[in-house]
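One structure is given below, encoded as structure tokens.
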Amino acid sequence: MKYFKYFGIALLVIIIDQAVKMVVHYQMDFGTPGQIKVIGEWLKLHYTTNPGMAFGMQLGSEYGKLILTSFRLVAMFGIGYYLYHIISKKMHTGYIFCISMILGGAIGNLIDSVFYGAWLGNAPYNAPSPWFHGQVIDMFYIDIWEGYIPDWVPLWGGSYTALWPIFNIADASIFVGVAIILIFQGRFFKEELAKTTKKEEEDEIQRQFIEGEEKE
């Protein structure tokens, strides 16, 4: 039951993420024409796809997407095993909850990459195969600023871009999970730090005792 609870959190994230993506895909027009204002100009629903990593970055190779998707697949199993491990070790509940959110988000985006190219036909036109080349569906757009970046700006110069990336439920789940871990890491790892400190103190006492005997 203890494993089901936390893996169930990951499953819930996956279900919500995929349900929202399906609604967006089938009920919204792609791009700016289908954009829906939620809170004025600040928060919008904007259907777009992301062919690569975070912020639209890509690996510069014909098989870059395949490599990225394969890496995500390996990472999914790694995070899943780690979640099982920390549950069995009875680590802090909040920390386990965060890892569950991260796992759910990772699998949510992995489903897009593996299957959407074939299921939804959204693989890039030059993809060697629709499988493992699907594009991730994004929809939440926090419009802090968007416009044309001057040519002299390194990397992003000469392009029309938005200050805040468009993201999805899976991205948000990963971001929130990581953010909570960073903010509350002192509380999450308090017992582990105490054990480490105690062991270091015991090692120091033992070292001093040995040195004292050697001097005698």
Side-chain angles (χ1 to χ4, degrees), residues 8-59 65 68-69 72 94-95 97-117 119-125 133-185 187:
I9 293 171
L11 179 61
L12 181 62
V13 170
I14 296 168
I15 292 173
I16 295 174
D17 174 67
Q18 290 299 307
V20 171
K21 288 172 178 174
M22 289 299 99
V23 170
V24 168
H25 177 74
Y26 288 108
Q27 300 298 326
M28 288 184 64
D29 291 329
F30 190 86
T32 303
Q35 190 168 271
I36 300 173
K37 296 181 181 178
V38 179
I39 304 179
E41 294 290 338
W42 183 72
L43 177 61
K44 307 171 185 177
L45 292 178
H46 183 103
Y47 178 14
T48 188
T49 53
N50 177 5
M53 297 177 284
F55 307 106
M57 294 185 292
Q58 302 180 54
L59 296 177
K65 177 66 176 180
L68 175 61
T69 303
R72 284 174 169 168
Y95 180 65
F97 180 83
C98 290
I99 297 299
S100 299
M101 292 179 62
I102 294 172
L103 176 62
I107 295 176
N109 281 337
L110 178 65
I111 291 173
D112 297 28
S113 296
V114 174
F115 300 108
Y116 279 13
W119 289 355
L120 305 182
N122 74 355
Y125 71 93
H133 287 84
Q135 301 188 74
V136 176
I137 292 179
D138 295 325
M139 74 291 297
F140 297 111
Y141 179 22
I142 299 177
D143 191 0
I144 296 176
W145 176 87
E146 61 178 301
Y148 183 81
I149 300 179
D151 294 335
W152 54 265
V153 177
L155 299 179
W156 296 282
S159 63
Y160 188 89
T161 189
L163 181 61
W164 191 269
I166 304 175
F167 59 96
N168 54 42
I169 295 291
D171 297 330
S173 181
I174 294 172
F175 177 83
V176 171
V178 172
I180 293 175
I181 291 173
L182 292 176
I183 294 171
F184 296 102
Q185 57 182 310
R187 182 180 301 178

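As the structure is a computational prediction, the values presented were derived from the model and not from experiment.
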(message) If you define the side chain from C-beta out and look only at heavy atoms, does anything of Phe167 sit under 4.5 Å from Val136?
(response)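 Answer no - side chains too far apart.
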Minimal non-hydrogen separation, [X] against [Y], with atom names:
X	Y	answer
Tyr116	Met22	OH-CE, 3.1 Å
Leu110	Arg72	CD1-CB, 3.7 Å
Ile181	Cys98	CG1-CB, 3.6 Å
Asn168	Ile137	ND2-O, 3.0 Å
Gly134	Asn122	CA-OD1, 3.6 Å
Gly105	Val13	N-CG1, 3.8 Å

Can you measure from [atom1] ([X]) to [atom2] ([Y]) and round to the nearest 0.5 angstrom?
X	Y	atom1	atom2	answer
His25	Trp119	NE2	CH2	12.5 Å
Lys21	Asn109	NZ	CG	4.5 Å
Ile169	Ile174	CD1	CD1	12.0 Å
Ile144	Leu43	CD1	CG	11.0 Å
Met28	Tyr47	CE	OH	9.5 Å
Lys44	Phe140	NZ	CZ	15.5 Å

(request) Check whether more than 12 heavy atoms from other residues, nucleotides or ligands sit under 6.0 Å from atom CZ of Phe175, and answer yes or no. (result)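 No, CZ of Phe175 has 12 or fewer neighbouring heavy atoms, counting only those of other groups under 6.0 Å.
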(request) Kindly say whether Met101 contributes a backbone atom to a donor-acceptor pair with the side chain of Ser173 at under 3.5 angstrom? (result)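 Pair found, side chain donor or acceptor close to backbone of Met101.
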(message) Hydrogens and angles aside, do Asn50 and Asp112 bring a side-chain donor and acceptor to less than 3.5 Å of each other?
(response)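 No, no side-chain donor-acceptor pair sits under 3.5 Å.
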(request) With side chain to side chain contact (heavy atoms under 4.5 Å, CB included) as the test, would you mind laying out the steps for Ile142 and Trp42 before giving the verdict? (result) CA-CA 6 Å; Ile142 299 177; Trp42 183 72; 3.8 Å; yes
